[in-house]
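Report on one structure; see the data block that follows.
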Amino acid sequence: MSEWKPIKEGKVREIYDNGDSLIMVATDRISCFDVILNNVVSKKGTVLTQMSRFWFDLTKDILPNHMISVDVNDMPEFFRKPEFNGNSMMCRKLTMLPIECIVRGYITGSGWASYQKNGTVCGITLPEGLKESDRLPEPIYTPSTKAEIGDHDENISYEQSIAHLEKYFPGKGREYASKLRDYTIALYQKCADYALRRGIIIADTKFEFGLDEEGRIVLGDEMLTPDSSRFWPADGYEPGHSQPSFDKQFARDWLKANPGNDWTLPDDIVQKTIDKYLQAYELLTGMKL
């Protein structure tokens, strides 16, 4: 097959069908506020892929994941080119479960906004008197439905997640919902504890799961990258306000402060963004990219 075309293109990733497997390529595109910017952030795709690989390896004792290989020599010849080296992952095909599995260990973002209104996050009542960015007494699971491109994901309660899964998998809704919740919390706890020892707070993150041919639940998609998680430096962490983060915050802040920016970042902001991604990778893995 000489002509390879992605079967699915997201804002940042491209997915290719490789017969009995998929090849997921994380590009160096960057999106903010659901818009793909005109800049390329070099090495970003490699950071995302290698970070997922690191976490998949660390958590395979909790449950299996979809990763087969990140070595392009294991992939068809088309992918043995510099632009695919390091940022491509060959994965098992799964039947994806239609729930975004979000776990929050700290109160921030939309969770903080909701708590200020009525003391709850996604229908879960939290203790009184929490400050912005406070660590929660224990992590909370706040699933959402996966929206089609262009729509927004909708936060749902755990009970609603049972009903939502039951619609797609009759007779399995309750079993799948409870497994997703338990896996999500277990993955978060192991990885957040690990990250904290390396100087990074994982405030929240989201996982996606699918079923393999035998009907077992398998971790899919990406895992604990700066695109799917909120990473804060533990050094200088101080509840009571928002925290600096290891992600696209530089880019978002600059775009907000410079209306009429035509979705194009200046070079120094691009450099600061990639430096943050690399710093997070090196702190967490203890390796240079």
Side-chain angles (χ1 to χ4, degrees), residues 3-18 21-57 66-91 149-150 200 202 205-206 208 220-231 244-256 258 261-285 287-289:
E3 208 29 65
W4 286 78
K5 292 253 187 307
I7 51 166
K8 196 172 160 204
E9 254 183 289
K11 288 192 282 288
V12 171
R13 285 180 306 165
E14 297 171 347
I15 299 179
Y16 295 83
D17 189 343
N18 185 40
S21 64
L22 294 174
I23 293 172
M24 293 172 81
V25 179
T27 69
D28 290 340
R29 294 194 291 262
I30 180 168
S31 80
C32 290
F33 310 116
D34 284 340
V35 176
I36 298 171
L37 306 188
N38 295 316
N39 306 78
V40 167
V41 179
S42 59
K43 284 271 185 278
K44 176 174 171 277
T46 302
V47 172
L48 296 183
T49 298
Q50 298 302 323
M51 209 173 247
S52 287
R53 175 189 72 104
F54 173 78
W55 294 117
F56 283 147
D57 282 340
H66 69 165
M67 176 173 71
I68 299 170
S69 175
V70 291
D71 183 349
V72 289
N73 293 316
D74 295 335
M75 302 178 201
E77 194 173 341
F78 174 81
F79 296 95
R80 292 176 219 159
K81 297 187 202 137
E83 65 260 38
F84 294 110
N85 194 8
N87 63 347
S88 306
M89 183 180 287
M90 186 155 73
C91 305
I149 301 266
I200 288 185
I202 302 175
T205 192
K206 65 168 189 187
E208 292 191 33
D221 201 52
E222 63 180 331
M223 183 176 186
L224 285 164
T225 68
D227 276 14
S228 67
S229 325
R230 253 183 264 250
F231 292 157
S245 60
F246 282 97
D247 59 10
K248 299 183 283 200
Q249 210 51 54
F250 275 120
R252 287 194 203 101
D253 291 348
W254 188 87
L255 291 167
K256 269 197 215 147
N258 294 274
N261 51 57
D262 198 23
W263 300 108
T264 306
L265 300 169
D267 290 346
D268 63 315
I269 299 293
V270 173
Q271 192 55 48
K272 276 184 175 158
T273 301
I274 190 55
D275 287 347
K276 270 286 163 218
Y277 276 81
L278 286 168
Q279 191 189 358
Y281 177 81
E282 287 169 14
L283 273 173
L284 286 167
T285 64
M287 295 183 288
K288 288 259 185 237
L289 195 62

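We count residues from 1, following the sequence as given. Heavy atoms only: backbone and side chains are in, while hydrogens, waters and symmetry mates are out.
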Ignoring hydrogens, what is the shortest heavy-atom contact between Ser69 and Met75? Give both atom names and the distance. O-CE, 3.7 Å
Tell me the closest heavy-atom pair linking Met51 and Pro226, and the distance in Å. SD-CD, 3.6 Å
Supply the atom-to-atom distance Ile15 CD1 to Leu22 CG, rounded to the nearest 0.5 angstrom. 6.5 Å
Taking the side chain as C-beta and beyond, is there a heavy-atom pair between Glu83 and Val25 under 4.5 Å? no
Working note: Met287 + Gln50, criterion side-chain contact (heavy atoms from CB on, under 4.5 Å); need CA distance, chi angles, decisive distance, verdict. CA-CA 11 Å; Met287 295 183 288; Gln50 298 302 323; over 6 Å; no
If you take all heavy atoms of Phe54 and Leu284, which pair is closest and at what distance? CZ-O, 3.7 Å
Under the side-chain contact (heavy atoms from CB on, under 4.5 Å) criterion, do Met67 and Met223 qualify, and how do the steps go? CA-CA 11 Å; Met67 176 173 71; Met223 183 176 186; over 6 Å; no
Can you find a heavy atom in the side chain of Glu222 that is under 4.5 Å from one in the side chain of Phe56? no
Can you say whether the rings of Tyr16 and Phe79 are parallel (under 30°), tilted (30 to 60°) or perpendicular (over 60°)? perpendicular
Is there side-chain contact between Thr264 and Asn39, with heavy atoms separated by less than 4.5 Å? yes
For Thr49 and Ala26, work out which heavy atoms get closest and say how close. OG1-CB, 3.5 Å
Rounded to the nearest 0.5 Å, how far apart are CD of Gln271 and CZ of Phe250? 11.5 Å
For the atom pair CG (Asp262) and CG (Leu255), what is the distance rounded to the nearest 0.5 Å? 10.5 Å
Do the non-hydrogen side-chain atoms of Asp74 and Ile68 ever get within less than 4.5 Å of each other? no
Using a cut-off of 6.0 Å, state whether more than 12 heavy atoms not belonging to Glu77 lie near its atom CD. no
How close do Ser52 and Thr225 get, heavy atom to heavy atom, and via which atoms? OG-CG2, 3.5 Å
Might you confirm whether atom CG of Asp268 has over 12 heavy atoms from other residues, nucleotides or ligands at distances under 6.0 Å? yes
Tell me, do Trp254 and Asn261 make a side-chain contact under 4.5 Å, heavy atoms counted? yes
In short, Pro76 meets Asn18 closest at the heavy-atom pair CG-OD1, 3.2 Å
Would you say that Lys43 contacts Asp28 through its side chain, given a criterion of any heavy-atom pair below 4.5 Å between the two side chains? no
Modelled atom types, side-chain donor and acceptor of Gln279 and Asp275, under 3.5 Å: no
Heavy-atom check, side chain of Phe231 versus side chain of Lys276, under 4.5 Å: no
Looking at Arg230 and Asp247, does any basic side-chain N land under 4.0 Å from a carboxylate oxygen? no
Is atom NZ of Lys288 surrounded by more than 12 heavy atoms (other residues, nucleotides or ligands) closer than 6.0 Å? no
Which distance, rounded to the nearest 0.5 Å, do you find between the OG of Ser229 and the CG of Leu224? 4.5 Å
Got a second to check how far Leu278's CG is from Thr273's OG1, nearest 0.5 Å? 11.0 Å
Check: Lys11 main-chain N/O paired with Arg29 side-chain donor or acceptor under 3.5 Å: yes
From CG (Asn85) to CG (Asn73), nearest 0.5 Å: 8.0 Å
Side chains of Thr46 and Tyr277, heavy atoms from C-beta outward: is any pair under 4.5 Å? no
Taking the basic N atoms (NZ, or NE/NH1/NH2) and the acidic carboxylate oxygens, is any pair closer than 4.0 Å for Arg13 and Asp221? yes
With ring centroids as reference points, do Phe78 and Phe84 lie under 6.0 angstrom apart? yes
